[in-house]
Amino acid sequence: MTTRRRFIRACALAGAAVSSGHPDTAAREAGGTAGGERHEGPILLSTWDFGQAANATAWPALAAGGAALDAVEAGARQAEADPDNRTVGLGGLPDRDGHVTLDACIMDHQGRAGSVCFLEGILHPVSVARRVMEATPHVMLAGQGARRFALAEGFASADLLTDEARREWEEWRRTAEYRPRANRERHDTLSILARDRDGRLAGACTTSGMSYKMHGRIGDSPIIGAALYVDGAVGAACATGHGEFVMRTLGSFLVVELMRQGRSAQTACEEAVDRIARGLGADPAEVQVGYLAMSATGEVGGHAVQPGFQRALRTARIDTVDDVPSRFTTR
Ligand code: GLY
């Protein structure tokens, strides 16, 4: 089973293209905030360790000059088709009534966006979201309407509840209190940002959402501005974690707007995390949100509420998974 707990050894290829002299890099070298880096050429930046497999799928075409939009869709599709990933697509854990319900969105450098939420029985919600963006006058389709649209567009119906996920759900029903409880161990959206050779940005998110959630619950992942925002002239940002906290602060939009005002990708993510941290109640350990950001100039950053959030970065010279710095140092 692929989980964020699984350790993937960071593999920095020879000659890492991290520019020296950048303020955030200097801060990191001085023992300050880590994660502020600038990279040349095509870039893929994904959430969690499993983002490395998404990056690997998307990389060859992106490196060959392909579009950022195609790259983020390809990366998201890889996670959606992985039956061992319990938080995205096929094999995702169901809601408390046993339904696998999917949220996904996609956005490009021109501000075009598409999204689906509460979608059942379709393997690739990110591609349905792209069809919403490209073939309808709308941004978001939900539930049965999204499913009808997908089927009409030629997407096949699929049973996404695998035997393994069903067994985990049945075990949860036997042992857990029957109430929706935010569980930060079960919030692993695949969010992916890309910059292509021509400097175009794009992003995508895809998830089966909070496991054992109330039937009908929709998270941040399909909400443009919450889990994803792209402004081709400024940068892109994405989120993973407790969707309710991301939605309340419209975090990805906030990160991009802070970058527009001159913040680095790193310090913009830190401010978005601070907005959440400042509003937390007595037990911040119950909450995890992580942001990643990429500027139009190739600077990347990331920050999380709690330790444990990882990012996967792919450039021409780097293929790595590393820990993202966090607001709190213990959990
Ligand atoms: N971030 C995924 C969710 O809360 O559904």
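Read the numbers this way: they start at 1 and go in the same order the structure lists the ligands and their atoms.
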K.L.:
Does NZ or CZ of Arg174 lie under 6.0 Å from the centre of the six-membered ring of Trp172, at an angle within 45° of the ring axis?
P.N.:
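Relative to the ring axis of Trp172, which defines the angle, Arg174 lies outside at least one limit.
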K.L.:
Could you walk me through whether Arg200 and Asp108 satisfy the salt bridge (Lys or Arg N to Asp or Glu O under 4.0 Å) test, starting with their C-alpha distance in whole Å, then the side-chain angles of each, then the deciding distance to 0.1 Å, before giving a yes or no?
P.N.:
CA-CA 8 Å; Arg200 293 171 298 194; Asp108 76 2; over 6 Å; no
K.L.:
Would you check whether Gly219 has a nitrogen or oxygen atom less than 3.5 angstrom from a nitrogen or oxygen atom of ligand 1?
P.N.:
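Checking ligand 1 against Gly219, no N or O pair falls under 3.5 Å apart.
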K.L.:
Taking only heavy atoms of Gly209, which atoms of ligand 1 are found under 4.0 Å from at least one of them?
P.N.:
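Counting atoms of ligand 1 from 1, those under 4.0 Å from Gly209 are 5 (O).
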K.L.:
Please state which option from Thr240, Thr207, Asp220, Thr206 has its nearest heavy atom closest to atom 3 (C) of ligand 1.
P.N.:
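Shortest heavy-atom distance from atom 3 (C) of ligand 1: Asp220.
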K.L.:
Side chains of Glu80 and Thr206: do they bring a donor and an acceptor to under 3.5 Å?
P.N.:
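The answer is yes; a qualifying pair exists.
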K.L.:
What do we get for Gln288 next to ligand 1 when only non-hydrogen atoms under 4.0 Å count, side chain, backbone, both or neither?
P.N.:
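Contact part for Gln288 vs ligand 1: neither.
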K.L.:
Are Ser157 and Arg147 close enough that a side-chain donor and a side-chain acceptor fall under 3.5 Å?
P.N.:
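Side chains of Ser157 and Arg147: pair found under 3.5 Å.
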K.L.:
Gly241 versus ligand 1: do any nitrogen or oxygen atoms come within less than 3.5 Å of each other?
P.N.:
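Between Gly241 and ligand 1 (N or O atoms, distance only) the closest approach is under 3.5 Å.
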K.L.:
Need the ligand 1 atom indices (1-based, order shown) with element for anything under 4.0 Å from a heavy-atom of Thr189.
P.N.:
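Close to Thr189: 1 (N), 2 (C).
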K.L.:
What residues form a salt bridge (charged side-chain N to carboxylate O under 4.0 Å, His left out) with Asp103, not counting sequence neighbours?
P.N.:
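Checked Asp103 against salt bridge (charged side-chain N to carboxylate O under 4.0 Å, His left out); zero matches.
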K.L.:
Would you check the N or O atoms of Asp103, main chain and side chain alike, for any that come under 3.5 Å of an N or O of ligand 1?
P.N.:
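No, Asp103 has no N/O under 3.5 Å of an N/O on ligand 1.
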K.L.:
If a pair satisfies ring-ring contact (aromatic ring centres under 6.0 Å, His included) and one of its residues is in residues 75-131, list it, with sequence neighbours excluded.
P.N.:
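Of all non-adjacent pairs touching residues 75-131, those that pass ring-ring contact (aromatic ring centres under 6.0 Å, His included) are His99-His215, Phe118-His215.
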K.L.:
Out of Met210, Lys213, Arg217, who is nearest to atom 4 (O) of ligand 1 when you count heavy atoms only?
P.N.:
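Answer by nearest heavy atom: Arg217.
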K.L.:
Would you say His242 and ligand 1 have an N/O pair spaced under 3.5 Å apart?
P.N.:
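His242 vs ligand 1: no N/O contact under 3.5 Å.
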K.L.:
Using a 4.0 Å cut-off to any heavy atom of Ser221, which atoms of ligand 1 qualify?
P.N.:
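With Ser221 as reference, the close atoms of ligand 1 come out as 1 (N), 2 (C).
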K.L.:
Is the shortest side-chain N to carboxylate O distance from Glu40 to Arg197 below 4.0 Å?
P.N.:
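Looking at Glu40 and Arg197, the cut-off is not met.
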